[in-house]
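None of these values were measured; they are calculated from a predicted model. Numbered from 1 within each chain, the chains take letters A, B, ... in sequence-line order.
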Amino acid sequence: MSLKVYNTLTKRKEDFVPQEPGKVRFYACGPTVYDYFHIGNARPFVVFDVFRRFLMYRGYQVIYAVNITDVDDKIIKKANNEGVSIREVTQRYARAYLEDIYKLRILPPDVNPRATAHIDEMIELIRKLFENGYAYEVDGDVYYDVGRFKDYGKLSGKKIDELQSGARIEVDERKHNPLDFALWKSARPDEPWWESPWGNGRPGWHIECSTMSMKYLGSTLDIHAGGEDLIFPHHENEIAQSEAATGKPFARYWMHNGFLQIRGEKMSKSLGNFLTAREVVKRHKPEAVRLFFLQKHYRSPINYSEEILSETENALMRLKHVLENIERTLEGKKLSEIEEKDLTGPEKQRWESLQKNRLRFIQEMEDDFNTAGAVGQLFEMAKIANRILEEEELSENNQKILKFIHRTFHEFDSFLSLFGAEEETGVETGTFNQLVNILVQIRNDLRAKKEWALADEIRNKLMESGILIEDRKDGTSWKPVKKNKNN
RNA sequence: GGCGGCGUAGCCAAGCGGCUAAGGCGACGGUCUGCAAAACCGUUAUUCACCGGUUCAAGUCCGGUCGCCGCCUCCA
């Protein structure tokens with residue numbers, strides 16, 4: 001089986017082959033921190049998080065970088081409107097961004113670079129573009145000379161001439177070409193600025209992503225991802241800058257997510273028809289938001305409504321109930337691994353269906369991350385589990401089948417993050433389990449050394465925290481013990 | 001005007017040339033229950049916007065028509 005990815009650059013689904021076997025350099029465009037991000041912005045954050053983690057699940061070493069844009073016109077405007085400093089605005093919303101992605105159970109990226117911390121590198125990149133003849137200066141502004149870059153338009157499929165005729169923006173006569181974009185903007189009053197060879201100023205938007213992605217991931221990225229509205233001009237310009245500077249291909253695979261619509265219209269800040277992710281997460285489970293995105297293919301448009309979110313929440317509960325019911329049924333039972341040769345009749349059929357479901361799930365994920373198709377397999381497995389749970393007496397093999405289903409769900413949840421959250425605390429169970437397992441392991445090491453006092457201390461302390469340790473001849477297990485509570 | 005995408009049951013949605021068109025929500029029927037709720041089980045598209053064409057075989061490929069959306073300007 002091999003992974004296939006739809007590449008915007010070639011407009012085709014391609015076999016995914018990273019430049020270095022087993023290693024994926026993955027960059028996704030992050031937020032401009034001038035406001036809370038809305039539920040439409042959340043889509044790429046969630047889906048690319050799942051893709052990243054699926055790649056990890058498949059054994060790739062993934063370096064995942066997501067930038068934070070903290071210098072930009074909109075930030076300046078916001079600060080001026082509120083009469084506060086730029087720094088205050090960016091700190092407030094950068095923190096809010098981190099809080100919100102945490103709530104959505106998005107794993108923190110490996111690198112989360114901020115633009116203002118990379119001004120020197122940006123200046124260096126611009127200097128390189130001057131050296132290579134792709135940049136020019138006018139009155140302290142520096143522009144990229146689009147006409148000099150032969151491949152301009154290769155990502156968006158646009159031709160420079162056609163763009164010119166269709167350009168609706170007023171033409172700046174100082175530019176060689178109306179499509180030339182700012183690499184460096186000279187300082188205006190009340191704007192933040194940094195020193196540069198071209199005078200005081202601040203970087204243009206596009207140069208940030210080129211600079212930071214290449215700094216942390218190298219000249220050629222394996223995957224560059226973002227919303228489809230970034231294809232032009234943002235990603236087109238990133239390619240122009242990066243490739244003109246390094247002479248190497250900038251990114252091997254370009255992935256773009258489709259838009260979220262509300263009442264048949266694109267959700268956007270400028271249209272004012274947005275709901276912040278934090279509002280939505282107050283009304284609906286974060287896992288339901290994730291499932292909402294995952295039940296659609298990431299490249300298709302998706303329609304938001306409260307009703308659809310509620311429906312998704314019901315669907316999520318169906319899956320969670322299965323897990324809970326299996327847990328209750330199997331509680332305290334010790335089951336060995338399933339022996340296929342012992343299976344006959346309906347048990348065998350169930351087992352074979354489940355194997356197909358599991359395989360199919362992975363195949364769907366590998367087929368350009370078809371999460372909707374994959375999730376369907378989960379519901380089919382849930383159906384089988386429920387049929388077993390309905391039975392009066394559970395055979396040993398049926399119990400083992402239930403156990404298999406439970407394990408498979410959690411296996412896939414390493415990248416789906418739909419289950420396993422502690423409802424009240426928001427603490428991720430996976431992390432919690434890992435911590436307890438570490439303690440149990442340490443204790444076993446101590447027992448091996450016959451350091452009983454400390455080992456018992458760990459057991460007692462865990463018991464006090466509601467964790468029961470069980471030493472058995474085939475190993476140590478543990479489980480949370482329910483405190484006496486009504487209901 | 002240029003470029004790109006979409007149109008599958010009441011709603012959401014997978015499907016990318018060939019087993020009986022996944023799955024979810026809802027609705028209806030049933031199991032459970034003292035009753036109810038919850039949960040679970042079952043049923044729910046001779047048909048894939050429309051018209052032609054290619055093929056032994058088409059939601060699936062090609063052409064056209066209609067409708068919707070996005071990009072071409074900051075935007076995930």
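- Closest to the side chain of A/Glu380, from the set B/G23, B/A76, B/G4, is B/G23.
- Within 90° of 0 lies the glycosidic angle of B/G59, which makes this nucleotide syn.
- Interface residues of residues 251-261 of chain A facing RNA chain B, ordered by number: A/Asn257, A/Gly258, A/Phe259, A/Leu260, A/Gln261; criterion, heavy-atom separation under 4.0 Å.
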Between protein and nucleotides 39-41 of chain B, what N or O pairs are separated by less than 3.5 Å?
residue, atom, partner, partner atom, Å
B/C40, O3', A/Asn386, ND2, 3.4
B/C40, O2', A/Glu390, OE2, 3.1
B/C41, OP1, A/Asn386, ND2, 3.4
B/C41, OP2, A/Arg318, NH2, 3.4

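- At a threshold of 4.0 angstrom between heavy atoms, the contacts of A/Gly226 are confined to the sugar-phosphate backbone, with no base atom among them.
- Taking the charged nitrogens against the carboxylate oxygens, A/Lys4 and A/Glu14 have no contact shorter than 4.0 Å, which rules out a salt bridge.
- For A/Arg358, the side-chain hydrogen bond (donor to acceptor under 3.5 Å, both in side chains) test picks out A/Glu411, with sequence neighbours left out.
- Applying the ring-ring contact (aromatic ring centres under 6.0 Å, His included) rule to pairs touching residues 72-95 of chain A yields A/Tyr36-A/Tyr93, sequence neighbours excluded.
- Evaluation of the side chain to side chain contact (heavy atoms under 4.5 Å, CB included) rule for A/Leu394 yields A/Thr329, A/Ile388, A/Glu391, A/Asn398, A/Gln399, A/Leu402 as partners, not counting sequence neighbours.
- Ranking B/C25, B/A76, B/G24 by closeness to the A/Phe379 side chain, first place goes to B/G24.
- Remark: A/Asp229 engages no residue in a side-chain hydrogen bond (donor to acceptor under 3.5 Å, both in side chains) (not counting sequence neighbours).
- No contact: A/Lys269 has no heavy atom under 4.0 Å from any strand.
- Residues passing the salt bridge (charged side-chain N to carboxylate O under 4.0 Å, His left out) test with A/Asp180, sequence neighbours excluded: none.
- Applying the 4.0 Å criterion to OP1 and OP2 of B/C71, one finds that A/Lys266 has a side-chain N or O inside that range.
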When you compare the protein's N or O atoms with those of nucleotides 8-14 of chain B, which come within less than 3.5 Å of each other, and at what distance?
residue, atom, partner, partner atom, Å
B/A13, OP1, A/Lys296, NZ, 2.3
B/A14, OP1, A/His297, N, 3.3
B/A14, O3', A/Asn370, ND2, 2.9

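- Aromatic rings of A/Phe409 and A/Phe419 (six-membered ring for Trp) have centroids within the 6.0 Å cut-off, being under it.
- The salt bridge (Lys or Arg N to Asp or Glu O under 4.0 Å) pairs that include a residue from residues 303-312 of chain A are A/Arg283-A/Glu306, where partners are two or more places apart or lie in different chains.
- Of the nucleotides present, B/C51 is the one that pairs with B/G63 by Watson-Crick or G-U wobble criteria, both distances under 3.5 Å.
- In this structure A/Asp110 satisfies the salt bridge (charged side-chain N to carboxylate O under 4.0 Å, His left out) test together with A/Arg52, sequence neighbours excluded.
- Residue A/Leu230 is in sugar-phosphate contact alone, with no base atom involved, counting any heavy-atom pair closer than 4.0 Å across all strands shown.
- Every residue two or more places apart in sequence or in another chain that forms a salt bridge (charged side-chain N to carboxylate O under 4.0 Å, His left out) with A/Lys215 is listed here: A/Glu121.
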For residues 250-261 of chain A, please give each side-chain donor-acceptor pair under 3.5 Å, one per line with the distance, not counting sequence neighbours.
residue, atom, partner, partner atom, Å
A/Arg252, NE, A/Val17, O, 3.2
A/Arg252, NH2, A/Val17, O, 2.5
A/Tyr253, OH, A/Asp15, O, 2.9
A/Tyr253, OH, A/Val17, N, 2.8
A/His256, ND1, A/Thr8, OG1, 2.7
A/His256, NE2, A/His235, ND1, 2.8
A/Asn257, OD1, A/Gly227, N, 3.3

